[in-house]
Asks: 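Structure in C-alpha cells, see below.
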There are 2 protein chains.
Amino acid sequence: MQDHEFSRIERAPAYRLVYNAIEREILTGRLRVGSPLPAELQLAEQFGVNRSTVREGIRLLEQSGLVERDGGKRPRISVPHYLDLASSASRALILHSVTFRELWEASMVVEPAIAESAAQHVNEAGLAELTINLEAMETMVVRLEGGGDPDLEAFVQLDRTFHEILAKVAGNRVLALAHEPVTSLFIPTGQIILPRLKTYRRVFDAHHHIFDCLKAKDAAKARSWMHKHMDDFRRAYELTELSLDAPLDAVSLGIS
Amino acid sequence: MQDHEFSRIERAPAYRLVYNAIEREILTGRLRVGSPLPAELQLAEQFGVNRSTVREGIRLLEQSGLVERDGGKRPRISVPHYLDLASSASRALILHSVTFRELWEASMVVEPAIAESAAQHVNEAGLAELTINLEAMETMVVRLEGGGDPDLEAFVQLDRTFHEILAKVAGNRVLALAHEPVTSLFIPTGQIILPRLKTYRRVFDAHHHIFDCLKAKDAAKARSWMHKHMDDFRRAYELTELSLDAPLDAVSLGIS
DNA sequence: ACAGTCCGTTTGTCCGACAATTTTGAATAG
DNA sequence: CTATTCAAAATTGTCGGACAAACGGACTGT
C-alpha cells in the first residue's frame, strides 16, 4: 500500500563518482586531451577520498578509453578510438547470438555505400594499398589452384583488410563504425564457406572488379559490384546448408 | 643498422593480467553469465596478488560490461549490451569532431533500411508504441502552432524515440548498432534546425507517413519516405547556413 | 652540447583494518 | 516437512600506511 513512488535511490560507490567527475572535466575541456592526468595523491586530496578509491576510478577511465597509460609513465588524457569501441560491440553481438542474416542484411546496406563513397574519394595512396592487397590475394589464389594447402586464416585476413582499406578511403567515420561488425564478424564466415565451396577466385575477382571501378572513379558501378559481392556471401552460405537464422558460433569464426 | 627486429616488450600491470584472465574465463564459458563473480579474496589467492590489485582488474571488467554490480551485492557476470557500447562510440565520434555530412550520409543509408525492415516485421505492439509516440508529438506540434513555448529538448526526444522504436521493430541488431549514432547525434541536430525554420509539423508529417506505410506493410514506400525524411534534415541544415563539413559541437546538441 | 648522476615524485603493489551490507546457515514456529 | 526468523560468517567499499621501481628534472663534469 504505497501511495507515493520514490525515485530510485542510487548509491554509487565513491570510485564511480570519481570517474564521473573526471569524465566531466575531460568532456567539458577543463582537462585537455594529451595532457597528463593529475597525480593520484593530488586527486585523492581534492576529492577527499583515499588513493585506492581514486585508482579504481582511474581504471574505469582507462577501460573507457578516456585515459591511456603508457608504461609506468603518467597516464595521459586521450580520446577513445571509436573503432576500438566498435570491436567491443562486435564481441557483444556474438555473445548476444547475432545471426548470419542480421550481419548479411547490414552488410548489404553498409558496404555498397562505402564502396560508392570510396570511389568518389579514392586517391593514389589508397589505390596503392589496395594493389598490394590484391596482389597478395592473387598469389594466394594461384597457389591454391595449383593444389596448395589453404591457409584460411591468412586468406580471410586479406579479405578483411581489403574492406577495411575501402572504409578508410571512403572517409566517413560513421559508416566506418557501422561497417566494423561486417569485417570482424561477417567476412570471417568465409572460414566456413571457403573450404567447402572453394570460392577463392570468386572473391578475388569481385575485389578486382571493385578496384577497377575505384580506379575509374565509377561510384555507381562500385556500389553495384559490392552489392553483388555481399550477396554472394549469402548464396554461398545457403549452399553450405547452414541456417541463416542460427546464431553464429565464435569458435568456428576463429574469434577468441 | 639493426639486423634484428625485437618484438615490442610489453609489461602489462598485474591488474590488467587479472582482467585478461577473468575475461578469458567468461568468454570461454568457464564462468557462466548470470553467476556471481568469485569473492575478491579468493581471486587474489588464486592469482597470487593482493586484493587491491584484483579490485582494479574488476573495475576494468565492470567498465567493459562483462561484470555488473548491483548495489553492494556480489557483482554478477553479464553480457555487455551492444547499445551501451555504441553510445560510447557515439561520444567518441563527437570528440573526434565528426561532421554533419558524415552523419547524414550514414543516416541516408541506415535509416531507410531500418524502415524497410520494420515494415516487414512490425506487429501490433510496435504499432501501439508508435501510436503513442505520434500522438504525443502531434499534441506538441498543435501547441506550438498555437504560439506555445517550444520545448526543443522534449520534441527532439520524441523524434529520437520514434526512430529507436523503428530500429527495435526492425529486429536487426547489427543495423540497430549502426543506427545508434543517428539517434544520439544526427537527430539532435534538430535542436539547431527546428527553432530557426519551425519545421515541427514537417517532421511530424514524415513520421506519420512512415507509420502509415508500416501499418500497410508497404516496405518500399516506408523506405522511400524515410529517405526523404533524412534528406530533409540536410536541406534544412543547409538553409541554416551552417557548413555540412564543420565539426558538430556537443554543447549545441545538448549532449554533455 | 652532451653524458652521467642524484633526488624528489609518481605509479604499481602489498598489508592490515573496519563499517555496512549481503549471504549463509541454523534454530524456531506453523 | 516447510516457511520464517535471526544471528554468525562472508563480502564489498573504503581507509591508512608502506615500499620498490620507474620516471622526470636538476645538477655536474667534460
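Throughout, a chain's letter reflects where its sequence line sits, starting with A, and its residues are numbered from 1. Every value quoted in this text rests on a predicted model; they were computed, and no experiment measured them. We use all heavy atoms of the structure for the numbers below, so side chains are in, but hydrogens, waters and symmetry mates are not.
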Asks: Between A:Thr53 and D:dC15, is there a contact of a side-chain N or O with OP1 or OP2 at under 4.0 Å?
Replies: yes
Asks: Starting at CD of A:Gln42 and ending at P of C:dT10, how long is that distance when rounded to a whole Å?
Replies: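 Taking atom P of C:dT10 as the reference, CD of A:Gln42 is at 8 Å.
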Asks: Checking contacts here: which listed nucleotide (C:dT13, C:dT11, D:dC15) is nearest the side-chain heavy atoms of B:Pro13?
Replies: C:dT13
Asks: Are OP1 or OP2 of C:dT13 and a side-chain N or O of B:Asn50 less than 4.0 angstrom apart?
Replies: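 No.
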Asks: Can B:Glu111 and B:Ser107 be counted as having a side-chain donor-acceptor contact under 3.5 angstrom?
Replies: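 There is no such pair between these side chains.
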Asks: Measure the distance from CZ on B:Arg16 to P on C:dG12 and round it to the nearest whole Å.
Replies: 11 Å
Asks: Nearest-Å distance, CZ (B:Arg76) to C1' (D:dT12)?
Replies: 15 Å
Asks: Side-chain donor-acceptor contacts of residues 81-89 of chain B below 3.5 Å, not counting sequence neighbours, with atom names and distances?
Replies:
residue: B:His81; atom: ND1; partner: B:Leu83; partner atom: N; Å: 3.3
residue: B:Ser87; atom: OG; partner: B:Asp84; partner atom: O; Å: 3.1
residue: B:Ser88; atom: OG; partner: B:Asp84; partner atom: O; Å: 3.3

Asks: For B:Glu23, does the CD atom sit with more than 12 other heavy atoms under 6.0 Å from it, leaving out its own atoms?
Replies: yes
Asks: Applying side chain to side chain donor-acceptor pair (under 3.5 Å) between A:Glu62 and each of B:Gln63, B:Arg16, B:Arg59, report the one that passes.
Replies: B:Arg16
Asks: Give me, pair by pair, the N or O atoms of the protein and of nucleotides 18-26 of chain C that are less than 3.5 Å apart, along with how far apart they are.
Replies:
none

Asks: Kindly point out which of C:dT10, C:dC14, D:dT12 is positioned nearest to the side chain of B:Val49?
Replies: C:dC14
Asks: On the nucleotide D:dG13, are OP1 or OP2 found under 4.0 Å from the side-chain N or O atoms that B:Arg59 carries?
Replies: yes
Asks: Starting from P on C:dG16, measure out to CD on B:Glu40 and report it in whole angstrom.
Replies: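 Computing the B:Glu40:CD to C:dG16:P distance gives 17 Å.
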Asks: To the nearest Å, give me how far apart OH (B:Tyr19) and P (C:dG12) are.
Replies: 17 Å
Asks: In whole angstrom, what separates A:Arg55's CZ from D:dG16's C1'?
Replies: 15 Å
Asks: Out of A:Phe100, A:Tyr237, A:Trp104, which one pairs with A:Phe186 under the ring-ring contact (aromatic ring centres under 6.0 Å, His included) rule?
Replies: A:Phe100
Asks: Quick check: do B:Glu153 and B:Val156 have side-chain heavy atoms less than 4.5 Å from each other?
Replies: no
